[in-house]
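Below: the structure, in structure tokens.
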Amino acid sequence: MRVVITGATGTVGGKVARLLAPNHDVRSLTRDPARAARDGVAGHIVGADLGDRATLRHAMEGADALLLVTFDPLSPTHDANALAAARAGGVRHVVKLSAAAVSDPLAQDRITCWQRETEEQVRASGMTWTLLRPRAFMSNALGWAGGVRKEGVVRALYGSSRNSCVDPQDVARAAARSLVGRGQAGRIHALTGQQALSAREQTEQLGRALQLSVRYEELTSDQALLAWRNRLGEPLARALLAGAERQAAGAKEQVTDGVREATGRPRAPSGPGPPATRTPSAELPHAGPTRPQSGPHARPHTGPHRKGGPGPHVCSKRAAVPS
């Protein structure tokens, strides 16, 4: 199959590209092909920008499936651009990386409302679709690395509240199977880890895993909001605070069986520890013969979700990551 991956240099997209590239024609979209090549991104590296429909049309031409990963709630046209290009290019199936919060009617923050809107665009696209709704990524704990290294401290907001965070490798496996497997049309997979953990509990696990004395320090809402505002601006900072408050109320503790349902494999254990073993490509379905690699995407192209900061949410300037 010919599979287009947006966000190919990101936490999930890069893993999906590595899983599928051995047996499928993978087009890994990036705004910076040279950097993607240096970083070893798998697949055919294609220069494209979610804000530029012309580059997207070229990237989507003749593809079968699309992994749609978008990062910026302040740029709502990105999903529309990608879907329009996919439809024009003949894409038949779209897998959308969304977030677990969209199923919570009490979640009305800007990030979650944006994710709901993008899901509706996918449903209305005229293509078949699968929705992936993960909780926050386990790897977000890497945002604490600087504080642990320099001071032996983890600082977070609502440190006793729990989140059933998920291994991004499990999310990538779910995405890969949803892209090339059978029977995925109309499926919605809620993806969580094996148990819900708090920042305090994660701090204890980090200390044991690193064999270091690591202490936890609670942030106030004002301290967390200021840090997020400095990184992301007021609208997204307020959205993250709202999400943290929902977590404090217990909204993110539920554990689902979505990883097993989506991948056929058990979930990775929750909490810090050794990285999950990568799924061999042979474990993934081929969904029929791979098309010959001919036409404009036969060779690599050049040309035209980490959360960081305090609290249960960790987010980069571009990435609104699941929560």
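Quantities reported herein were computed from a predicted structural model and do not represent experimental measurements. Values below: all heavy atoms of this structure, side chains included; hydrogens, waters and symmetry mates excluded.
The backbone N or O of V154 sits nowhere less than 3.5 Å from a side-chain atom of E217 that would complete a donor-acceptor pair. Judged purely by atom type and a 3.5 angstrom limit, T6 uses its side chain to pair as donor or acceptor with the backbone of L67. Checked by atom type and distance alone, the side chain of D109 pairs as donor or acceptor with a backbone atom of T112 at under 3.5 Å. For the pair D49 (side chain) and R31 (backbone), a donor-acceptor distance under 3.5 Å is absent. Using modelled atom types, one side-chain atom of H24 and one backbone atom of M1 make a donor-acceptor pair closer than 3.5 Å. Without hydrogens or angle criteria, Q108 side chain to P105 main chain gives a donor-acceptor distance under 3.5 Å. Judged purely by atom type and a 3.5 angstrom limit, T130 has no side-chain atom pairing as donor or acceptor with the backbone of R187. Listed for the T256 side chain is a donor-acceptor partner under 3.5 Å among the backbone atoms of A190. Remark: the backbone N or O of V3 is not paired with any side-chain donor or acceptor of D64 at under 3.5 angstrom.
In this structure, E253 places its CD atom where more than 12 heavy-atom neighbours from other residues, nucleotides or ligands lie under 6.0 Å away. Enclosure of atom CZ in R35 is not indicated, since only 12 or fewer non-hydrogen atoms of other residues, nucleotides or ligands lie within 6.0 angstrom.
Tested against D104, the residues R116, K252, R246 include a single salt bridge (Lys or Arg N to Asp or Glu O under 4.0 Å) partner, R246. Looking at Q202, Q247, E201, Q195 one by one, the single match for side chain to side chain donor-acceptor pair (under 3.5 Å) with R162 turns out to be E201. Here the rule is side-chain contact (heavy atoms from CB on, under 4.5 Å) with V122, and of L66, T128, L83 only L83 fits it.
At a threshold of 4.0 Å, the pair E119-R133 counts as salt-bridged, since one of the basic side-chain nitrogens sits closer than that to a carboxylate oxygen. At a threshold of 4.0 Å, the pair R200-E204 does not count as salt-bridged, since none of the basic side-chain nitrogens sits closer than that to a carboxylate oxygen.
Expressed to the nearest 0.5 Å, how far CD1 of I111 lies from CG of L74 amounts to 8.5 Å.
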